[in-house]
Amino acid sequence: MSERKVLNKYYPPDFDPSKIPKLKLPKDRQYVVRLMAPFNMRCKTCGEYIYKGKKFNARKETVQNEVYLGLPIFRFYIKCTRCLAEITFKTDPENTDYTMEHGATRNFQAEKLLEEEEKRVQKEREEEELNNPMKVLENRTKDSKLEMEVLENLQELKELNQRQANVDFESMLKQYKDYEEERKRRELEEDETEMKAMLEQAQSRRFLEDSDSDEEAVQVPSRSALKMKPTDILQEDMEPQSKKLKTESWERSVGKLNSKSQLAGLVTVKKQTPGSTTANGVGKQTTLQSSDAGSWRSSLPAVTQPPSAAQGSSLSLLGAYSDSEDSTSD
């Protein structure tokens, strides 16, 4: 298949390009181009600011009778965005920049003006030194003196910076170590104070709970109050009030514990008569048994009886005690 769009053209055999008539155009012909503003400018008519990089549809033409090293210089025509006043500027190949012609003023070109002033002064100095050798020597002396002053000032600034920038690493490490120790000590103190506060709070809470439970429940006696000696039962004054009440109720129902002096009236010692048939050894043994029985009876509880009944039954009690003692001795 053949191509739909043919790129090649047909040249006949008798084609002669020299016979083609040349189009004669004016040298100052203008072209419409799309460009951006090369610098910041302000319109002289309305005062509108036009910033660098703003796009315009400009007309371009070649400047007549102005050439720099064979390079043509071009002029551009733009219109203000507010008042439509015409602004023109052209290229500057010598400084690789653009030059404002009329219609606006260029902003922020102080650096450029300074550079131009320096170039002008340098050019005047060269022209002055060209025919005056004494001026050359004078200028060199001034330059060397100025250079020495600049070096001295620079050295002073360096020494000042070295004095201020002197770092003592040992003192810095020591200071950091002290700071770390202080921080650890502060943390420990804070932990201790917090623990003390928690303990105090727990104790106060426990104290309040104990006080509430004491008010509701009956107070329980301590072990020291419950712990008693075996002989404390014979001392009624040292017993607590509850113990006394129990003892009184028991005595009313059963009887009262009597001491040795009270039981001594119930025991009678047999007297030996000349006509007794017992031997001396046997009589002494009964006496000893009766005395031992009295001491043993003092440790046993006895039932209290009326005086009339106690006298009648004393002999029967003595016989019972003697029998029980004999059985225990055996």
So that I can tick it off, tell me whether [Y] and [X] are bridged by a salt bridge, with the cut-off set at under 4.0 angstrom between side-chain N and carboxylate O.
X: Arg205; Y: Glu209; value: no
X: Glu182; Y: Arg185; value: yes
X: Glu180; Y: Arg183; value: yes
X: Glu192; Y: Lys196; value: no
X: Asp143; Y: Arg125; value: yes

**Item:** Worked verdict on Glu138 versus Lys142 for salt bridge (charged side-chain N to carboxylate O under 4.0 Å, His left out)
**Value:** CA-CA 6 Å; Glu138 185 179 353; Lys142 288 181 180 179; 3.6 Å; yes

Testing the basics here: between [X] and [Y], what is the closest heavy-atom pair and its distance to 0.1 Å?
X: Lys60; Y: Val33; value: CB-CG2, 4.0 Å
X: Tyr68; Y: Pro93; value: CB-CG, 3.9 Å
X: Asn131; Y: Pro133; value: O-CD, 3.9 Å
X: Phe15; Y: Ile20; value: CZ-CD1, 3.8 Å
X: Ala37; Y: Tyr51; value: CB-O, 3.7 Å
X: Ile50; Y: Lys54; value: CG2-CD, 4.3 Å

Supply the atom-to-atom distance [X] [atom1] to [Y] [atom2], rounded to the nearest 0.5 angstrom.
X: Asn95; Y: Lys119; atom1: CG; atom2: NZ; result: 5.0 Å
X: Met100; Y: Asn107; atom1: CE; atom2: CG; result: 9.0 Å
X: Asn139; Y: Leu137; atom1: CG; atom2: CG; result: 9.0 Å
X: Thr91; Y: Glu66; atom1: OG1; atom2: CD; result: 9.0 Å
X: Lys177; Y: Leu173; atom1: NZ; atom2: CG; result: 10.0 Å
X: Thr88; Y: Arg59; atom1: OG1; atom2: CZ; result: 10.0 Å

**Asked** Is there a donor-acceptor pair closer than 3.5 Å between any side-chain N or O of Asn40 and the backbone N or O of Lys52?
**Response**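 A pair under 3.5 Å: yes.
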
**Request:** Could you tell me whether a side-chain N or O of Arg42 sits under 3.5 Å from a main-chain N or O of Gly47, the two making a donor and an acceptor?
**Result:**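 At least one qualifying donor-acceptor pair exists.
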
Under 3.5 Å, side-chain donor or acceptor atoms of residues 73-85 against the rest of the protein: list the pairs with distances, not counting sequence neighbours.
from	atom 1	to	atom 2	distance (Å)
Arg75	NE	Glu101	OE1	2.8
Arg75	NE	Glu101	OE2	3.3
Arg75	NH1	Glu61	OE2	3.0
Arg75	NH2	Glu101	OE2	3.3
Tyr77	OH	Glu61	OE2	2.5

Is any side-chain heavy atom of [X] closer than 4.5 Å to a side-chain heavy atom of [Y]?
X: Thr62; Y: Lys27; value: no
X: Glu124; Y: Glu128; value: no
X: Tyr49; Y: Met41; value: no

**Prompt:** CD of Gln175: more than 12 outside heavy atoms within 6.0 angstrom?
**Reply:**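 No.
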
**Message:** Counting only heavy atoms not in Glu181 (residues, nucleotides, ligands), do more than 12 fall under 6.0 Å from its CD?
**Reply:**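 Result for CD/Glu181: enclosed.
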
**Request:** Might you work through the salt bridge (charged side-chain N to carboxylate O under 4.0 Å, His left out) test for Asp97 and Arg106, ending with a clear yes or no?
**Result:** CA-CA 12 Å; Asp97 199 2; Arg106 184 170 179 175; 3.3 Å; yes

**Request:** Tell me, with the steps shown, if Gln155 and Glu159 meet side-chain contact (heavy atoms from CB on, under 4.5 Å).
**Result:** CA-CA 6 Å; Gln155 188 67 24; Glu159 291 177 358; 3.9 Å; yes

